[in-house]
Every structure is written in C-alpha cells, then in structure tokens.
Amino acid sequence: MSEDDTNMEEYPTEIHDYLAAFEKSLGSVDEMLKTMMSVSRSELLQKLDPLEQAKLDLVAVYTLNSMFWVYLATQGINPKEHPVKQELERIRTYMNKVKEITDKKKASKLDKGAASRFVKNALWEPNAENEHTSKTPTKGKKRQ
C-alpha cells in the first residue's frame, strides 16, 4: 500500500476537496509571507503613507490572530471562548475606522459655487423665458 492510500483511509472522502482547498490556501499564505519577509519592515513602511501603514499593520495582526484561531481549533480548543476572539473583534473595529477614513478621502467634495450655478441655470424663470422668445407677439395675447 502506498502512503497516499493510507492517508486516504485516515479521513472521510467527503472532505477531500475541502482539505485540498485548505492546502492550496496555506500555500498562498506561505507565498505571501515569503514576499512580505523578503523586504525589511522599515523599507516597506518608508514607501507607504501613514494610512497605508496602518492598513498593513492591521492586515498583518489580523492574519496572525486568524491563524492562531485556526491553530486553537486544530488543537481541540474552542476559539470562541478564548481571548483571541476579543482581539479579533478589536482589530475589526480598527479596520472599520481605517475604512471610514479611506471612504471620507474618496468622497467627492461639493463645489458650492458650481452647484449654485447649476441650480440657478436649471430653474425656470418666467421673466427670463419671455426675454428669450421671439419679438413677434403671439396670437391672441398682447405684449406688455
């Protein structure tokens, strides 16, 4: 019997696809970590503005805590009853704050002058309309 055959007997075949996807995800995480570790932290932070630095730090700490969550689950410890749950919630709170700041930066600013001109030109003015009509009076109506 080969090693693959014995491994197949150790877990139900229904979860084979899940395990394959999990292994692929771990490979992706490993590649990302290698990429991040190849550049020194100070070098990386110098290239980023403070908001981007905060995002990087939050993603790193969230990833680390998420991996610890998975580790606890594999050790038979309920992570929902462990302090790591509160830590993840705290990190999510900060991630939401950074997202709000980013959204505010992206939000378009109102040009009050342009908006006022737009509204003024869009409104119908009865006197202005009479000035734009032809000089010949309409039938049945007298010009004032």
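Residue numbers count from 1 along this sequence. Bear in mind that the values here come from a model prediction, so they are computed numbers and not experimental data.
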Enclosure of Glu23 CD (heavy-atom neighbours >12, cutoff 6.0 Å):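 Atom CD in Glu23 is not packed in, count stays at 12 or less.
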
Can you tell if the side chain of [X] reaches within under 4.5 Å of the side chain of [Y], non-hydrogen atoms only?
X	Y	value
Thr63	Met32	no
Trp69	His82	no
Val98	Thr102	yes

State plainly whether one hydrophobic cluster holds both [X] and [Y], where clusters connect Ile, Leu, Val, Met, Phe, Trp and Tyr through side-chain heavy atoms under 4.5 angstrom apart.
X	Y	result
Val84	Leu64	no
Tyr94	Leu45	no
Leu51	Leu48	no
Leu44	Leu58	no
Leu19	Leu26	no

Other cluster members, Val29 - Ile/Leu/Val/Met/Phe/Trp/Tyr, side-chain contacts below 4.5 Å: Leu33, Met67

Distance, nearest 0.5 Å, that separates [atom1] of [X] from [atom2] of [Y]:
X	Y	atom1	atom2	answer
Lys47	Gln53	NZ	CD	13.0 Å
Ser25	Asp30	OG	CG	12.5 Å
Asn96	Arg92	CG	CZ	9.0 Å

Reference residue Leu88; test side chain to side chain contact (heavy atoms under 4.5 Å, CB included); the match among Ser66, Pro79, Pro83: Ser66

Glu52/Lys55 ion pair, N-O < 4.0 Å: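 Here Glu52 pairs with Lys55 in a salt bridge, since their nearest N and O are under 4.0 Å apart.
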
Sidechain-backbone polar pair: Asn65 side chain, Val61 backbone, donor-acceptor under 3.5 Å: yes

Shortest non-hydrogen separation from Lys85 to Lys80 and the atoms involved: CD-O, 3.4 Å

Considering all heavy atoms, the nearest Ser38-Thr35 contact: OG-O, 2.6 Å

Residues that Glu87 engages under side chain to side chain donor-acceptor pair (under 3.5 Å), provided they are two or more places apart: Arg90

